[in-house]
**Q** 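The structure that follows is given in the form of structure tokens.
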Amino acid sequence: MLGLALIYLLINKKYEWIPKPLVERARQPDLLENPAAKRCGECHETIFKAWQQSRHARAWVSETYIKDSENRSKEKCLPCHIPREVRAGRKPEPRLKLREEGIYCVPCHVARGKINGPYALYSPPHPTDKSDGHRKSVFCVPCHEKTYKEWRATGHDDTCQKCHMPRAAGRLVQNPILKYFHAPKDVADRRFPHGEIGPREIALRVDFTPGRVRVVLLNDRVPHFIPTADNGDPRLYLTVLQFDGAGERLDKTREILAPQQETALPYKKEVAFQYPLEKGARRLSVLVEYKPAWSQEKTEVLRESYDINF
Amino acid sequence: MKAVCRFSCVAALVFLILVPAVASAKDFFVKQPPASLDKLYPPLSKEPKWIQQMHKMSGSFGGVFVNMKEGDWENAEKLAGQFVEAYKETSKMVPEWEEYFDLDAARKFAETVKTRDGTEIGKAAGPVGKTCGKCHGDNEVSVWAKYHWPSFHEVKVIDPHDDKEVEFDEYMKSISGAFKGVTVNFKEGQNDRAGKAARVFKAKYTELKSTCSKCHTNGDVKRFYVGESVSAALSGLVDELRKEKPDPGKVWQNVGIIGREGCKHCHLVHRSASFIKERWEEK
């Protein structure tokens, strides 16, 4: 028992005391030779499974990407869909191997012959290096520059990681023996959750004046444009319908709010759309829908109806 | 009668000789490059190897003269040697074009550089330059059209009107139709119809920004086609046509801005290559 306690203490507090020859014996060199994500997943099972659900994991195999890149022939897409090494401040080089893994463990975590991450810790199978950069927004810039600039302009404190890699108490490894040698840690969610877009995120206001209606949208909570993308084409659709007293549709207008059209909703800045009211219009319906870049499916964000009393 | 016959024969002869001569001097045919070039450009190749090879040859050939001017003969000779190697390598890359290359002329050029005699080097460069010029004259336009310009006929656009994915050509026709819906109806005094067409036109036109993004990652490039002035003109057109009595001056002014600063910008840059590809792709 005492022995186990000593090992625990050594690994978590004084790992530099562990004799080097002993450390070398535990090493698994292939882990630094750009292994597939599955190999990392042998120990980091939870992280691996979360990553499998992420869009990062689908960067090379996504049907939308294959189609929009004309069967992956557009060179401009390669650096971020199959990065060799992601480092703050420079555009990645595309890699030749393991392309189907998309954006996986190696490009972000292998550097200078060590596994880089936000924790200083001893890991028997591979050397580690603590990196402060992994928790800073600037780490995401090489591929999300436009979104980063939008975020910077808001002056908001929350980093990309705070919302898109939320941390929860857990263990970095799930290997039945190794997992107990490390103290529990805050582990970031590698699904890279995208965040909800609902009525809480987008505030809607409708102002009527004689003969006119003004529909105002406000991105009230998300500290970058919604939607946002450097090269993808996610969209919000604003549909405004006018009906007469019998429920017959008199008019339909639709706006596309998309980063590629430079019409996405900025943070805390109202965006207004004005329309003339049709003669005989008695009811107005406003619908906002969201379509991510990787799908043709739209989901409802909000829907409101208003009586027109002019 | 005999004299008329003789004149007709002479005239026919002159016609037969002169017309082809005129045609060969003025007409320019853009033939498709050989299929073997495909492997030197994406997607079959990871990189645009052919243009890279052209840069390699041009860099070493031009570099000889840069060094000559500077009196750096050591580097001039080095680059002449590199040029011969690159020239030889290039001659094997597209079998159908092997005959454009004159390897003896290239070797002679490199040998002459060693004499360090500017006049002789200039003379030796002539025949080599001619081989480049001949191939460029025959093929440069077609290679650029085929490999350096994207094919618009493969681009799909989501029509904002009904969310249907349509071919680019079809989409352009529908934009043109919406545009005519604005101008024709406005000329006829059908302002309501012109206004509705303007809204459709604005949505369709703005959608092109997403389409441009499929190739252009730089926002400035997109704004060259659908920039602030065009966006303002689109909104101005829609707003003006919503008024009870639209001001024709403002309507036509906005129409002009959209045409000059939007449609024309894109058409001037892209249409020639697109026409060439369209003809090649005709079945």
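Throughout, protein chains are lettered first and strands after them, A, B, ... in sequence-line order, and every chain is numbered starting at 1.
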**Q** Between Glu207(B) and chain A, which part of the residue has a heavy atom less than 4.5 Å away: side chain, backbone, both or neither?
**A** both

**Q** Quick check: closest heavy atoms across Arg199(B) and Lys252(A), and the distance to 0.1 Å?
**A**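 So the minimum-distance heavy-atom pair works out to NH2-O, 3.9 Å.
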
**Q** If you count the non-hydrogen atoms of other residues, nucleotides and ligands that lie under 6.0 Å from CD in Glu300(A), is the total more than 12?
**A**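 Counting other residues, nucleotides and ligands, CD of Glu300(A) exceeds 12 neighbours.
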
**Q** Side chain, backbone, both or neither: which part of Gln261(A) has a non-hydrogen atom closer than 4.5 Å to chain B?
**A**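 Interface part for Gln261(A): both.
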
**Q** Identify which part of Leu96(A) has an atom lying under 4.5 Å from any heavy atom of chain B, answering side chain, backbone, both or neither.
**A** side chain

**Q** Within a radius of less than 6.0 Å around NZ of Lys173(B), do more than 12 heavy atoms belonging to other residues, nucleotides or ligands occur?
**A**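 Atom NZ in Lys173(B) is not crowded, with 12 or fewer foreign heavy atoms closer than 6.0 Å.
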
**Q** Is the NZ atom of Lys97(A) crowded by more than 12 outside heavy atoms at less than 6.0 Å?
**A** no

**Q** Can a donor-acceptor pair be found, under 3.5 Å and without considering hydrogens, that links the side chain of Lys74(A) to the backbone of Lys214(B)?
**A**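 Yes, Lys74(A) side chain to Lys214(B) backbone: donor-acceptor pair under 3.5 Å.
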
**Q** With chain A as the partner, which of Gly195(B), Ser213(B), Ala203(B) has the greatest number of non-hydrogen pairs under 4.5 Å?
**A** Ser213(B)

**Q** Under 4.5 Å from any heavy atom of chain B, what part of Arg235(A) do you find: side chain, backbone, both or neither?
**A**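 For Arg235(A), the contact with chain B is made by the side chain alone.
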
**Q** Around atom NE2 of His148(B), are there more than 12 heavy atoms from other residues, nucleotides or ligands closer than 6.0 Å?
**A** yes

**Q** For Arg242(B) and Pro276(A), which heavy atoms make the closest approach, and how far apart are they?
**A**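 Smallest heavy-atom distance, with atoms named: NE-CD, 3.1 Å.
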
**Q** What part of Asp251(A) gets within 4.5 angstrom of chain B, counting heavy atoms only: side chain, backbone, both, or neither?
**A**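 Side chain only.
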
**Q** Within the structure provided, determine whether Gln296(A) and Ile158(B) are in side-chain contact (heavy-atom separation under 4.5 Å).
**A** yes

**Q** At a 4.5 Å cut-off on heavy atoms, which part of Cys212(B) comes close to chain A: side chain, backbone, both, or neither?
**A**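 Neither part, no heavy atoms under 4.5 Å.
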
**Q** Under a 4.0 Å threshold between the charged nitrogen and the carboxylate oxygen, would Lys222(B) count as salt-bridged to Glu262(A)?
**A** no

**Q** Any chance NZ of Lys264(B) has more than 12 other-residue heavy atoms, nucleotides or ligands included, within less than 6.0 Å?
**A** no

**Q** So, Arg254(A) and Asp163(B), do they make that salt bridge, N to O below 4.0 Å?
**A**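 Yes.
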
**Q** Within a reach of under 6.0 Å around CZ of Arg95(A), are more than 12 heavy atoms found that belong to other residues, nucleotides or ligands?
**A**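 More than 12 within 6.0 Å, yes.
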
**Q** Taking all atoms of both residues into account, what is the closest heavy-atom pair of Lys76(A) and Cys215(B), and its distance?
**A**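 Between these two residues, the closest heavy atoms are CD-O, 3.6 Å.
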
**Q** Counting only heavy atoms not in Lys146(A), do more than 12 fall under 6.0 Å of its NZ?
**A**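 Buried by this count: over 12 neighbours within 6.0 Å.
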
**Q** Please round to the nearest 0.5 Å and tell me the distance separating atom CD of Glu255(A) and atom OG1 of Thr206(B).
**A** 9.0 Å

**Q** Answer yes or no: does atom NZ of Lys202(B) have more than 12 heavy-atom neighbours from other residues, nucleotides or ligands under 6.0 Å?
**A**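 Yes, enclosed.
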
